[in-house]
Amino acid sequence: QVQLVESGGGLVQAGGSLRLSCAASGSIVSIPVMGWYRQAPGKQRELVADISSGRSTNYVDSVKGRFTISRDNAKNTVYLQMNNLKPEDTGVYYCKSKVMTPLKYTTDYWGQGTQVTVSS
């Protein structure tokens with residue numbers, strides 16, 4: 001079993017910053033990809049950013065230059081530094097990790113979600 005625990009959401013004014021964290025624990029051999037998704041009310045969940053174990057990154061266009069994803073492989077933790085936040089960044093942010101288990105197959109695991117609210 002693998003668990004993902006997120007932290008760092010909250011309420012912030014436009015232009016402010018937040019840092020999200022997501023720690024994975026359990027039966028983990030490696031985590032090839034870790035990422036953050038978000039879901040705004042009435043909208044589909046979308047990829048915000050992801051990062052490989054080799055630290056290659058991918059961002060949705062709307063956050064480029066404002067958000068930075070990083071990871072600590074020793075701690076199985078991924079971070080999302082969010083700067084210059086905008087009201088349209090509001091939503092529930094979910095961590096997702098593609099985990100290789102001792103049985104040598106990979107499975108996607110999701111965190112419980114953390115609310116980010118940006119006021120104008």
Side-chain angles (χ1 to χ4, degrees):
Q1 273 289 39
V2 174
Q3 297 81 39
L4 301 183
V5 178
E6 302 155 347
S7 60
L11 172 64
V12 65
Q13 289 188 331
S17 298
L18 286 173
R19 189 188 194 216
L20 306 182
S21 299
C22 172
S25 62
S27 299
I28 298 170
V29 172
S30 65
I31 308 178
V33 182
M34 302 184 84
W36 290 95
Y37 289 69
R38 69 185 176 191
Q39 188 164 19
K43 295 188 176 181
Q44 289 190 330
R45 192 174 298 187
E46 67 170 350
L47 173 68
V48 176
D50 62 21
I51 183 168
S52 70
S53 56
R55 293 183 173 81
S56 295
T57 58
N58 177 46
Y59 295 92
V60 67
D61 285 347
S62 60
V63 308
K64 287 180 180 177
R66 300 188 297 121
F67 291 10
T68 302
I69 190 169
S70 61
R71 63 186 285 174
D72 184 332
N73 290 335
K75 295 181 179 180
N76 290 331
T77 299
V78 63
Y79 307 95
L80 186 67
Q81 178 66 44
M82 305 185 291
N83 298 329
N84 191 21
L85 282 158
K86 303 177 179 181
E88 52 265 40
D89 295 318
T90 294
V92 179
Y93 283 67
Y94 297 91
C95 171
K96 188 179 90 168
S97 292
K98 184 177 293 294
V99 176
M100 177 172 285
T101 68
L103 294 178
K104 303 300 184 186
Y105 60 85
T106 57
T107 302
D108 288 338
Y109 290 90
W110 291 87
Q112 79 281 3
T114 185
Q115 177 70 44
V116 171
T117 303
V118 184
S119 63
S120 58

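Values reported hereafter were calculated over all heavy atoms of this structure, with side chains retained and with hydrogens, waters and symmetry mates removed. Since the model is a prediction, treat every value here as computed from it, not as a measurement.
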Minimum heavy-atom separation for [X] to [Y], with atom names?
X	Y	answer
Pro102	Ser27	CD-O, 3.5 Å
Gln112	Tyr94	O-CE2, 3.7 Å
Gln1	Gln3	CB-NE2, 3.5 Å

So if you build clusters from Ile, Leu, Val, Met, Phe, Trp, Tyr with side-chain heavy-atom gaps below 4.5 Å, do [X] and [Y] land together?
X	Y	result
Val92	Leu85	no
Ile28	Met100	no
Tyr59	Val116	yes

- [ ] Determine, step by step, whether Arg55 and Thr57 satisfy the side-chain contact (heavy atoms from CB on, under 4.5 Å) criterion, reporting the C-alpha distance in whole Å, the side-chain angles of both residues, the deciding distance to 0.1 Å, and the verdict.
- [x] CA-CA 6 Å; Arg55 293 183 173 81; Thr57 58; 5.8 Å; no
Task: Test log, rule side chain to side chain donor-acceptor pair (under 3.5 Å), inputs Arg45 and Tyr37 - done: CA-CA 6 Å; Arg45 192 174 298 187; Tyr37 289 69; over 6 Å; no
Open item on the list: Could you go through Leu80 and Thr68, starting from their C-alpha distance and side-chain angles, then the distance that decides it, and tell me whether this counts as side-chain contact (heavy atoms from CB on, under 4.5 Å)?
Closed with: CA-CA 6 Å; Leu80 186 67; Thr68 302; over 6 Å; no
When rounded to the nearest 0.5 angstrom, what is the spacing between [atom1] in [X] and [atom2] in [Y]?
X	Y	atom1	atom2	result
Ser62	Glu46	OG	CD	5.5 Å
Lys64	Arg66	NZ	CZ	12.5 Å
Ser30	Lys98	OG	NZ	11.5 Å
Arg38	Glu88	CZ	CD	8.0 Å
Asn76	Ser25	CG	OG	8.5 Å

Task: Asp72 side chain to Val78 backbone, donor-acceptor under 3.5 Å - done: no
Open item on the list: Can a donor-acceptor pair be found, under 3.5 Å and without considering hydrogens, that links the side chain of Ser56 to the backbone of Gly54?
Closed with: no
Task: side-chain contact (heavy atoms from CB on, under 4.5 Å), paired with Met82, selected from Val118, Leu18, Ile69, Val63 - done: Leu18
Using distance only, find each side-chain donor-acceptor pair of residues 6-17 under 3.5 Å and give its atom names and separation, not counting sequence neighbours.
from  : atom 1 : to     : atom 2 : distance (Å)
Glu6  : OE1    : Gly113 : N      : 2.5
Glu6  : OE1    : Thr114 : N      : 3.4
Glu6  : OE2    : Cys95  : N      : 2.5
Ser17 : OG     : Asn83  : OD1    : 2.9

Open item on the list: Apply side-chain contact (heavy atoms from CB on, under 4.5 Å) to residues Asn58 and Leu47 and explain how you reach the verdict.
Closed with: CA-CA 9 Å; Asn58 177 46; Leu47 173 68; 3.5 Å; yes
Task: Salt bridge present between Lys86 and Asp89 (N-O < 4.0 angstrom) - done: no
Open item on the list: Under a 4.0 Å threshold between the charged nitrogen and the carboxylate oxygen, would Asp50 count as salt-bridged to Lys96?
Closed with: no
TODO: Tell me whether the guanidinium CZ or amine NZ of Arg19 lies under 6.0 angstrom from the six-membered ring centre of Tyr79 and within 45° of its axis.
DONE: yes
TODO: Output all residues satisfying ring pair (Phe, Tyr, Trp, His ring centres under 6.0 Å) with Tyr109, sequence neighbours left out; order by chain, then residue number.
DONE: none
TODO: For Ser97 and Leu4, run side-chain contact (heavy atoms from CB on, under 4.5 Å): C-alpha distance rounded to whole Å, both residues' side-chain angles, the deciding distance at 0.1 Å, then the answer.
DONE: CA-CA 8 Å; Ser97 292; Leu4 301 183; 3.9 Å; yes
Task: Sub-6.0 Å ring centroid separation between Phe67 and Trp36 - done: no
Task: Side chains of Val99 and Thr107 in contact at under 4.5 Å (non-hydrogen atoms) - done: no
